[in-house]
Protein chains: 2
Amino acid sequence: MTEPANVAVDWGTSSFRLWLVDRAGNVLAERRSGEGMLAAAKAGFAGVLRSHLAAVEAPADLPVLVCGMAGAKTGWVEAGYVDTPAPLSAVLKQAARVPGEVRDIRILPGIAQRDMKAPDVMRGEETQLLGALGLGAAGEALVCMPGTHSKWVRVKDSIVEHFATFMTGELFSVVSRETILALAVAGADEAEDIASFKAAVKAAFDAPAFAANLLFTARSRQLLFGGTPAAARATLSGTLIGTELAAGLSGSVPKAGITLIASGRLAALYRQAFDALSVNVNPIDADEAVRRGLSMAAAAIWTE
Amino acid sequence: MTEPANVAVDWGTSSFRLWLVDRAGNVLAERRSGEGMLAAAKAGFAGVLRSHLAAVEAPADLPVLVCGMAGAKTGWVEAGYVDTPAPLSAVLKQAARVPGEVRDIRILPGIAQRDMKAPDVMRGEETQLLGALGLGAAGEALVCMPGTHSKWVRVKDSIVEHFATFMTGELFSVVSRETILALAVAGADEAEDIASFKAAVKAAFDAPAFAANLLFTARSRQLLFGGTPAAARATLSGTLIGTELAAGLSGSVPKAGITLIASGRLAALYRQAFDALSVNVNPIDADEAVRRGLSMAAAAIWTE
């Protein structure tokens, strides 16, 4: 086993992921838990981190690099923002050191778009972008990063020029659980109804203003024509994702297509959505991207 | 005091309203409660109605006409639907009699749009339309009926040709309470931020695909620029209503403008929204409309 070079942590709102990595970015050990910012704010960030460091037997002098919501105002130590237009190289230069800790622990900043018409913030995605696109990439990329709060990001010559957050994942969660549509999706099993999903993506993409109506058809269709809970669930997620895609694809799309940074089930779902619209995507695994971004930043901070 | 002619009931999902009316439609007594379909399905529809009839001292032989969700499959007695294109005159001919009751109690049908691409149902709004537009009206009306589930209805020569339900009110409720945006609106007092509301209506009307992004700006703007909870709340409701209006106004708008059937705070909010877009509206009080519709139907059923 090679020597560990540093510890990398992706500390989101509701999830915590830690990797012990060597100089080449290889993963020597991994930890995943639900101790995201919300839980850690109560339990104590230092204690949560310490317990996971102990579990992977991280040497006492091994530095730790963190990205994500741990750097928010309501997180551990506020790590500030790099403002748009934001060179990705600036992200790894502005890490905030956690005070009062013997170990060298730093938190990467987020990116802020201080535009009164389109104010926006990201924390964690900038590190994924760093890992996915690298620092030297020339040319333009339009990046779709699905999630609870999906981000669409326009990057040119390694500079984040503009981005927008869509509450797609969170809307799906509350609409399918907390509204009258919960009745329509109740009992939906894990099997996807891909045909219903793609039809909903297309319908919402063609008429995004009708999103709040298309959602309701999941129930009306069941009342009038029958239909499975899985079809209703596919209509909800297809409507919300199709609406997001209508916005995300409303500007110019680079010839190379869309860069899709996602993992697991969400990656598959968005690939189907883009496929329904015949839009070309270049998929990049989100987990790998964030690890690579953290390794690049760690190398820049501690190797020089 | 004139003689009561019948009892009129608007029995919605979460509200119950009853009026004792004379032949001319004048209200002799009124009852309002939260015993809508959901509550009455548990407590028993007959018992709920009986207690309110006793409270207004309704004579034992006075007939009762009901509209709304009491006629749903999950309601008291399924009252069926009139299918689109639905003459409003058909609504008052297809009332379902409640069996097993000595008193003559009837429930008006809803309207169904059996279109696989745009399936939709209404229950209660057809009676408001009857009261607001009457039976003999020639010409075309585009009707906006705001609510938990807003309806947009195209009526031509007293025939409901097409309609669409938008979950605007319910989305506002869950988004402002159950998502991360709850933090942004927490502590908003009753005062409206009309400027923020109108700005959000316009932004969403112009770019409805961005609704899930515009919602999120309520939080980002507060993080980056400050701002009151009332402004954030106005952004949420303005975004959702502006998106609904983008869909509702996407077809042809009659020269006379939009017929807005609404009451109270919702009526004021939608008038401001239409005003922000410089769209002419003809407001009609929803409470009066449903009472008038029930009286018209009662006269047709029991006077002939």
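Considering CG of B:L215 and CG of A:L171, their distance stands at 6.5 Å, rounded to 0.5 Å. Rounding to the nearest 0.5 Å gives a distance of 8.0 Å between CG of A:L183 and OG1 of B:T74. Taken from NE2 in A:H149 to OG in B:S220, the straight-line distance is 9.5 Å, to the nearest 0.5 Å. Of the inter-residue distances, the one linking A:T165 atom OG1 with B:R219 atom CZ reads 10.5 Å to the nearest 0.5 angstrom. Once rounded to the nearest 0.5 Å, the distance linking CG of B:L214 with NZ of A:K117 reads 11.0 Å.
Heavy atoms only, all atoms of each residue included: A:P119 and B:F225 are closest at CB-CE1, 4.0 Å.
Around atom NZ of B:K156, no more than 12 heavy atoms belonging to other residues, nucleotides or ligands sit under 6.0 Å away. Other residues, nucleotides and ligands contribute at most 12 non-hydrogen atoms within 6.0 Å of the CZ atom of A:R271.
Ranked by heavy-atom pairs under 4.5 Å with chain A, the list B:A204, B:P208, B:A209, B:A118 is led by B:A209. Here B:V121 is the residue among B:T148, B:V121, B:L245 with the most heavy-atom pairs under 4.5 Å with chain A. Note: B:R114 leads B:R114, B:K73, B:R177 in heavy-atom pairs under 4.5 Å with chain A. With chain B as the partner, the residue from A:T179, A:T13, A:D115 showing the most heavy-atom pairs under 4.5 Å is A:T179. Each of B:A203, B:S150, B:A212 has some count of heavy-atom pairs under 4.5 Å with chain A, and the biggest count is that of B:A212.
For a residue to count as touching a neighbouring chain, one of its non-hydrogen atoms must lie under 4.5 Å from one of that chain's; by this rule B:V175 touches chain A with the side chain only. At a 4.5 Å heavy-atom cutoff, B:F205 makes no contact with chain A through either its backbone or its side chain. The contact between B:I180 and chain A is made by backbone and side chain atoms together, counting heavy-atom distances below 4.5 Å. For B:S250, the part lying near chain A is the side chain, with the backbone staying farther off; criterion is any non-hydrogen pair under 4.5 Å. In this structure, the portions of B:A164 lying under 4.5 Å from any heavy atom of chain A include both its backbone and its side chain. When heavy atoms are compared at a cutoff of 4.5 Å, B:F216 approaches chain A by way of both its backbone and its side chain.
Applying the side-chain contact (heavy atoms from CB on, under 4.5 Å) test between A:D120 and each of B:N213, B:L224, B:T217, B:L223 identifies B:N213 as the sole match.
B:E178 places no side-chain N or O within donor-acceptor distance of the main-chain N or O of A:E178, the cut-off being under 3.5 Å.
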